[in-house]
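This report refers to the structure that appears directly beneath it.
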Amino acid sequence: MLSTLRLQFRFLAPLLLTLAAAAFLALPLLDNLTLRWFSRDLSLRGTLVTNTLSDSLVGALQEGNDARVQALFTRTVQDERLVALAACAPGGELLQRSAAYPGDLTCAGAAELANLPLPKLQLAGGTVHVGMHALELGGAHVADLVLLHDLSFVERRSEDTQKYLIAFMVALGAVIAVITVVVAQLSWRGWVKGARALLRGEGLLTPLMQNNHDLGPLADDFRDRLRDLEDAYRRSLDRDDQWDPERLRALLHAQLRGDELIVVSNREPYIHETGPDGVHFKRPASGLVTAVEPVMRACSGTWIAHGSGSADRSVVDKHDRVMVPPGSEEYTLRRIWLTPEEEQGYYYGFANEGLWPLCHVAHVRPVFRESDWEAYRRVNERFADAVVAEARSADPVVLVQDYHFALLPALIRQRLPRATILTFWHIPWPNPESFSICPWRTELLEGLLGSTILGFHTRFHCKNFIETVDRNLEARTEHEHSTVTINKQTTLVESYPISIAWPSDTQRAAWPSVADCRSAVRHRLGLGPAHKLAVGVDRFDYTKGILERIHAVERMLEKHPSWVGEFSLVQVAAPSRSDLDEYKAFQQRIHQVVGRVNARFGSPGYQAIYLLAEHHEHDAVTELYRAAEVCMVTSLHDGMNLVCKEFVAARDDEQGVMILSRFAGAAAELNEALIVNPYHVEESADALYRAITMPAAEQRERMANLRMTVRDFNVYRWAGRMLADAARWRLRERIEARMLRHNGD
Ligand code: F6P
């Protein structure tokens, strides 16, 4: 502050001195200038007086009438400005003069003075202006008239002007000084904050924006818009850029030099179970598995997950590993065994009663228990040890999946400091206020910030995360680059919209035709061939908007009764987390509501809603997708939702309508779907009616566009973008490490 004042003084002192000097120099100049202006005026005035007097004066002079000349002089000098007059003969002889005319001023002297640029003469009574004008008669020069005009008024005015000028300069100096002090104060504060922000790695605008509560949100908005535009631009550029397993493999080999990949998730990609016919395996209903499995098949490596199947232990080797997929064996699945207490506390408790409702806006209260937290920490530690055990190098690429492992990135970082850790959060990230409910929020954030890259489905979730960090940790956030630095560890927080693997030609060739799928499904349900079907495929979870979907069906049938008996919803609800009270209550409620709606509209051989609350394998789901006219995804809140993308991928006939909740991450990409607010039953009911009555041509147009989007923005691109970003970071870190070593030598 003191230095600011000193700085301002250093600036102001020369400025004020300059102003004073300017005033000092300007005053005589100004004096001189005004004197000349007045002198010119007086000369003109003299001419006027001469012209007025000319006839009478010449007459009186020629007549030699001195008394008349004096009378004329006396009358003329009554003018307050005119001091004295004299008449001179052409030869220079003084003919007549008024009383005040100085006796020692000869005609020659007056003529000499009158020819000066500034014709003035100092008399006892003050300064006078001397003018000499010819008196003529019929063009002949008969005499000269000398006029002495008072100049003291000019001096008086000049004094006034000087006073005004000095006052003006002083005022100007004061105004400049005040402005300088204010501007210097503001900019000094700005620069100090800016410099501090720079040191914290925040960029100059941030503190100014933070300081200004009106501009802050505007700047955030602006930044978000820019990032959205950037995304849209990148998407438009990327479109021609096809991603497939080969390209992903090539990227891994070229940019990551074939480094090993380790995936960690709670849910395993293959679950072995004991059935009546012995051990069989199933694929879980999980968006995470749907997305990550094709990546692992393309890249190979090790997938570490909880072994939850009843026959899981029977198929692993002595290191708890099994090669999968069963039959083709493309990568290693390393299973971790959890005790019932661990599973209860870590999975059911902390992850699914705490974090799951915390992150989803579905109006279910999160429950946080100390014992669950302890179990969560312990299990994260156990998985971190497993990563170390599976790593064949000191710097593996580890892909940590989802909210079950918020602590894992930092734990891996402690054990393998050179690892590249890519964490993907498959569910939404809430706003900072909601997240602050969690008693262990700082531990979770610090855990996640052990990652090299932290990915979310949408930019909005990234923004929420960064804001949460800002509120809860002493970390350096760089909004422009979307990075967070804490304890010298920088994490890139980016959006990577997840997707599915676009079905290959071979896979598609194995699908039954749409006609066959239609008749098979209708036959199973005992429905006629023209019966219209909507399909919903979800885990039996309260976030999926299943209740709202049923209400929409009910309302549509209410509004359009002609569709009763002609339309049904087939709802697949894969059992999920059924040990939890919240889930049990929700699942019971859905059964009740379905019963009520079916009782209202049903008839022998017809149900408005078919609730299939059991696990469906992928082929069965594909058959349903191909059999239905409409697919309904009405999640109340969803990270991405891959069901909608799977439906689109299954419709190679370019028919079928997608109804999609605006609260699912996928809504940002799938613009040709009918986007609805699932809480607005009327809107969803109308969308459903529109979908079942939509002309084939419109369906084709929409579906063709949707298919293009899902095909181009597939899961290989998702993984490819993350791995390419990781490769860049790895390279940078390696170069930095080399430079440090070099400097240390
Ligand atoms: O896709 C979101 C998700 O929570 C995954 O992270 C998870 O694997 C999946 O849903 C299924 O949940 P769960 O593994 O608890 O059955």
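Atoms within a ligand are numbered from 1 in the order they appear, just like the ligands themselves. All values below were derived from every heavy atom in this structure, side-chain atoms included, with hydrogens, water molecules and symmetry-related copies excluded.
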What part of Gln401 sits under 4.0 Å from ligand 1 if we count only heavy atoms: the side chain, the backbone, both or neither?
neither
Of the protein's non-hydrogen atoms, which lies at the shortest distance from [atom], and what is that distance?
| atom | result |
| --- | --- |
| atom 8 (O) of ligand 1 | Ser286 OG, 2.9 Å |
| atom 5 (C) of ligand 1 | Asp402 OD2, 3.4 Å |
| atom 12 (O) of ligand 1 | Arg577 NH2, 2.9 Å |
| atom 15 (O) of ligand 1 | Tyr347 OH, 2.5 Å |
| atom 16 (O) of ligand 1 | Arg267 NH2, 3.2 Å |

For ligand 1, which atoms, with element, lie under 4.0 Å from some heavy atom of Tyr403?
4 (O)
I need the atoms of ligand 1 closer than 4.0 Å to a non-hydrogen atom of Trp356, numbered in the order shown.
4 (O)
Any side-chain donor near an acceptor of the partner, Arg549 and Thr634, under 3.5 Å
yes
Any chance the side chains of Tyr716 and Arg249 put a donor and an acceptor closer than 3.5 Å?
no
Check the orientation of Tyr583 and Tyr542. Use parallel for under 30°, tilted for 30 to 60°, and perpendicular for over 60°.
tilted
Do the charged groups of [X] and [Y] touch, with an N to O distance under 4.0 Å?
| X | Y | value |
| --- | --- | --- |
| Arg415 | Asp385 | yes |
| Glu381 | Arg377 | no |
| Arg471 | Glu433 | yes |

